[in-house]
Participant: 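Okay, handing you the structure first.
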Amino acid sequence: RAVDTRLSTPDIQKIVSDYYGVSLPELLGRSRQKRLVRARQMALYFCRIYTEKTMVELGRLFQRSHASVVHALQTLERERKTNQRLAKEVQLLEEKLAQAQVRWGSKRASTLRTDA
C-alpha cells in the first residue's frame with residue numbers, strides 16, 4: 001500500500017501562514033487586511049489543489065461561506081494572470097509545498113503508526 005504523501009489542510013495552512021508571517025487565527029479570522037486576505041486566498045487555492053476537499057468543506061475549514069471560497073479562488077486566478085509578483089508568489093509557495101510533501105512523505109513512510 002502506497003504511503004499517503006498528500007498534504008493536509010492544516011499542513012498547507014501552516015506553510016502559507018509561515019510564508020506570509022501571519023498566525024493561524026489571523027489566517028482564519030475575519031480581518032480584511034490586504035496581507036491577510038492574500039494569505040487566505042493562497043491557502044484556499046493550494047488546499048483546492050492538494051486536498052480532495054469540496055468548496056463547502058474548505059469553507060468550513062476556513063470559517064467562510066461557500067460563496068467566499070469561490071470568490072477568493074476566482075480573484076486569485078484572475079489576478080495572477082496580470083500581476084507578475086503574485087504569479088511569482090504562487091510559484092514560490094508551490095515549490096515550498098512540493099518540498100514539504102516530499103519531506104513529510106518520507107518521514108511518514110519511515111515511522112510506523114502506533115496510534116492506529
Participant: Give me the atom names and distance for the closest heavy-atom approach of V22 to A39.
Facilitator: CG2-CB, 4.2 Å
Participant: Taking S68 for the side chain and R64 for the main chain, is one N or O donor matched with an acceptor at less than 3.5 Å?
Facilitator: no
Participant: In terms of hydrophobic clustering (I, L, V, M, F, W, Y; side-chain heavy atoms under 4.5 Å; direct or indirect links), are Y19 and I49 co-clustered?
Facilitator: yes
Participant: Could you tell me whether a side-chain N or O of R40 sits under 3.5 Å from a main-chain N or O of E26, the two making a donor and an acceptor?
Facilitator: yes
Participant: What residues, two or more places apart in sequence or in another chain, satisfy side chain to side chain donor-acceptor pair (under 3.5 Å) together with Y45?
Facilitator: R80
Participant: With rounding to the nearest 0.5 Å, note down the distance linking CZ in R85 to CD in E79.
Facilitator: 12.0 Å
Participant: Closest approach of L28 and L61, non-hydrogen atoms and distance?
Facilitator: CD2-O, 3.7 Å
Participant: If you look at every heavy atom in L58 and C47, which pair is closest and at what distance?
Facilitator: CD2-CB, 3.5 Å
Participant: Of the options V90, T9, I15, which is the one that meets F46 in a side-chain contact (heavy atoms from CB on, under 4.5 Å)?
Facilitator: V90
Participant: Assess whether side-chain hydrogen bond (donor to acceptor under 3.5 Å, both in side chains) is satisfied between Y20 and E89, documenting all intermediate values.
Facilitator: CA-CA 10 Å; Y20 284 99; E89 274 179 37; 2.4 Å; yes
Participant: Working to the nearest 0.5 angstrom, can you tell me the gap between F62 CZ and K53 NZ?
Facilitator: 11.0 Å
Participant: Mark yes when over 12 heavy atoms from residues, nucleotides or ligands other than H66 sit less than 6.0 Å from its NE2; otherwise mark no.
Facilitator: yes
Participant: Count the heavy atoms of every other residue, nucleotide or ligand shown that sit under 6.0 Å from CD of E95, and state whether that count exceeds 12.
Facilitator: yes
Participant: Between E57 and R48, does at least one N-O distance fall below 4.0 Å, as a salt bridge requires?
Facilitator: no
